[in-house]
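One structure is given here, and the rest of the page talks about it.
What's counted below: heavy atoms across the whole structure, side chains too, no hydrogens, waters or symmetry copies.
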Amino acid sequence: MGGPIDASSKYSNVEANSMAHYENKRHMIESDMSSMEQNGGLQRGDYEGDNFRLHMVTWNVATADPPDDISSLLHFDSSEDADLYVIGLQEVYSGPLRFMSEVVFDDPWSYVLMTALAPRQYVKVSSIRMQGLLLLIFSKLEHLPFIRDIQATYTRTGIFGYWGNKGGVSIRLSLYGHMLCFLNCHLAAHMKHAAERVVEFEYITDTQTFNSEKDERILDHRLVFWFGDLNFRIQDHGLHFVRTCISNQNYSLLWSKDQLIMLKQKEKLLQEFEEGPLDFQPTYKFDVNTDTYDSRLYRTWFAFNKKRKPAWTDRILWRLRPKASHTDKQDRYGDGPDAKDVMPLEEAEEYLLEIRQDLYTSNMEYSISDHKPVTGIFTLKLKKIYTTPLVHLQAEGEWSADIDATLLYSPLQPFPSNTWDWIGLYKVGFTSVSDYITYTWVKDDEVSIDEDAIKVYVSKEEIPVRGGECMLGYYCNTLQCIIGVSEPFRVHESKVVIEEGLMHEKINSLDQIVATENIRN
């Protein structure tokens, strides 16, 4: 096929009739969308406000490998499915040999989570790792084309600000047009460093930036989640009193001496973050592989021995961007750099976004670490700013490795296409954007353009000879996300290869991997 074609010239013919064309095409596509729900496709929501279930987990795993079964952690037995999973881990093992291998292969935690979630039609939309800090976000397949503008970054606050054992990793994204930011932190340890933890948090929120004029900093986002091993402790109370309160489930007696709750009373930034009641036992520190709080003796500089006092070090907080009228905004912040930290009242009312916490608890059954995982489940009620994917995709005709294939895509709205856009062929139940069978460059392999669709060629050499249930995904390089997925379709097993007995010689590389995995299992 020919080389890349400039995006502006390629789309000039399409965009000449664009708005009327896009509107007609959008109405036609939307009328067919309801049938896709049963097979993991797209679903149009109620424009007046839709509820989204967000399942969050924070866990300091203390360099341990993942347990065999994480279904309880992800609440697979719940009657309600999550729309998004956000998993923040701290102290993921990052030894030199393991870390180098994970440059090529997924780390064990990512692999276990993807393996568990993919059969349930969840796709990893983004992840970021900074040494022991790992943040992953998974979405139901139906929401994938509506999660856009994904960016990830990190900040080190460890030794002299250069070592990545402490700090924060974040992922920001647009969910149906609402800007969300998820910040996973591991802050300074030990009782005496409460003030330092606040300084580190402020440093992270002040210095982390994204490539966006409107939502450049963390606090510019409509909704921010701050979570992780924040390392705040219970001060003043003695060890015996703390353990007695825990044994009697009198957790409220400890709240007044929780460092984070205390600091929220005087730190302006912390006051903007909300947290549910700590109605679960402190999650640190346990003897590994037990439910027993720390029983070891530690030698201090003065030769005294002590046990670590239990604490709620593992937390999940959130901040819904304050809304104010233009007058209130100027009165509060003037024209300074913080003027973006509030949302105009009319904008907040037009694009509804509300949050409710449904569950905040620890998962006591997991004992591989000296921390217990903490789970937060939220309901986000939002009014979708957009309800149509940017691109509609479909396979044309029969697909098999015996003949070259074609696919059709139709832009439903203008979007920033470029020569690096590609369309991937995925097995149904794929784990992530990069988990494609094959892909084709949109610009290089275009065959024809008409007013209804653009046709793209796919070589038979790239189609798996074993076939299977597949789907197509259009990846927009500028937006760094999939902006459209097709309905599932059948790729037929190659008749030529079977008849000629050449299965082993002609099988492509992905089929070899699949065959090897099937043998091992």
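For Phe227, there are no ring-ring contact (aromatic ring centres under 6.0 Å, His included) partners, not counting sequence neighbours. With sequence neighbours left out, Tyr154 forms a ring-ring contact (aromatic ring centres under 6.0 Å, His included) with no residue at all. Qualifying ring-ring contact (aromatic ring centres under 6.0 Å, His included) partners for Tyr122, counting only residues two or more places apart in sequence or in other chains: Tyr85. The side-chain contact (heavy atoms from CB on, under 4.5 Å) test applied to Leu359 returns His75, Thr361, Ile377, not counting sequence neighbours. The ring-ring contact (aromatic ring centres under 6.0 Å, His included) test applied to Phe52 returns His143, Tyr176, not counting sequence neighbours. In this structure, the side-chain contact (heavy atoms from CB on, under 4.5 Å) partners of Glu80, at least two apart in sequence or on a different chain, are Arg53, Ser78. Evaluation of the salt bridge (Lys or Arg N to Asp or Glu O under 4.0 Å) rule for Arg315 yields Asp258, Glu275 as partners, not counting sequence neighbours. When the side-chain contact (heavy atoms from CB on, under 4.5 Å) test is applied to Trp420, the partners found at least two apart in sequence or on another chain are Asn418, Trp441, Asn477. With sequence neighbours left out, the side-chain contact (heavy atoms from CB on, under 4.5 Å) criterion links Gln271 to no other residue. Remark: Asp279 engages no residue in a side-chain hydrogen bond (donor to acceptor under 3.5 Å, both in side chains) (not counting sequence neighbours).
Residue pairs meeting the side chain to side chain donor-acceptor pair (under 3.5 Å) criterion with at least one member in residues 227-239, sequence neighbours excluded, are Asn60-Asp229, His186-Asp229, Asn231-Arg233, Gln235-Gln259, Asp236-Lys257. Pairs passing the salt bridge (Lys or Arg N to Asp or Glu O under 4.0 Å) check and including a residue from residues 167-186, sequence neighbours excluded, read Asp149-Arg172, Arg172-Asp215.
Thr58 and Asp314 are not linked by any side-chain donor-acceptor pair at a separation below 3.5 angstrom, with hydrogens and angles left out of the test.
With contacts defined as side-chain heavy-atom distances shorter than 4.5 Å, the pair Pro310/Ile234 does not qualify.
Taking the six-membered ring wherever Trp is involved, the centroid distance between the rings of Tyr475 and Tyr439 does not fall below 6.0 Å. Remark: aromatic rings of Phe280 and Tyr251 are distant, center separation not under 6.0 Å.
In Tyr203, the OH atom is not crowded: 12 or fewer heavy atoms of neighbouring residues, nucleotides or ligands sit closer than 6.0 Å.
Because its NZ or CZ atom is not both nearer than 6.0 Å to the ring centre of Tyr284 and within 45° of the ring axis, Arg308 does not count as a cation-pi partner of that residue. Remark: Arg148 is positioned above the aromatic ring of Tyr386, its terminal NZ or CZ atom under 6.0 angstrom from the ring centre and at most 45 degrees off the axis. Stacking of Arg120 on the aromatic ring of Phe76 is recorded, both the 6.0 Å distance cut-off and the 45° axial limit being met. Figure legend: Lys264 and Phe273 shown without cation-pi pairing, the cationic atom not lying both under 6.0 angstrom from the six-membered ring centre and within 45 degrees of its axis.
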Legend entry - Asp106 vs Ser110, side-chain hydrogen bond (donor to acceptor under 3.5 Å, both in side chains): CA-CA, chis, key distance, verdict: CA-CA 6 Å; Asp106 288 310; Ser110 296; 5.2 Å; no
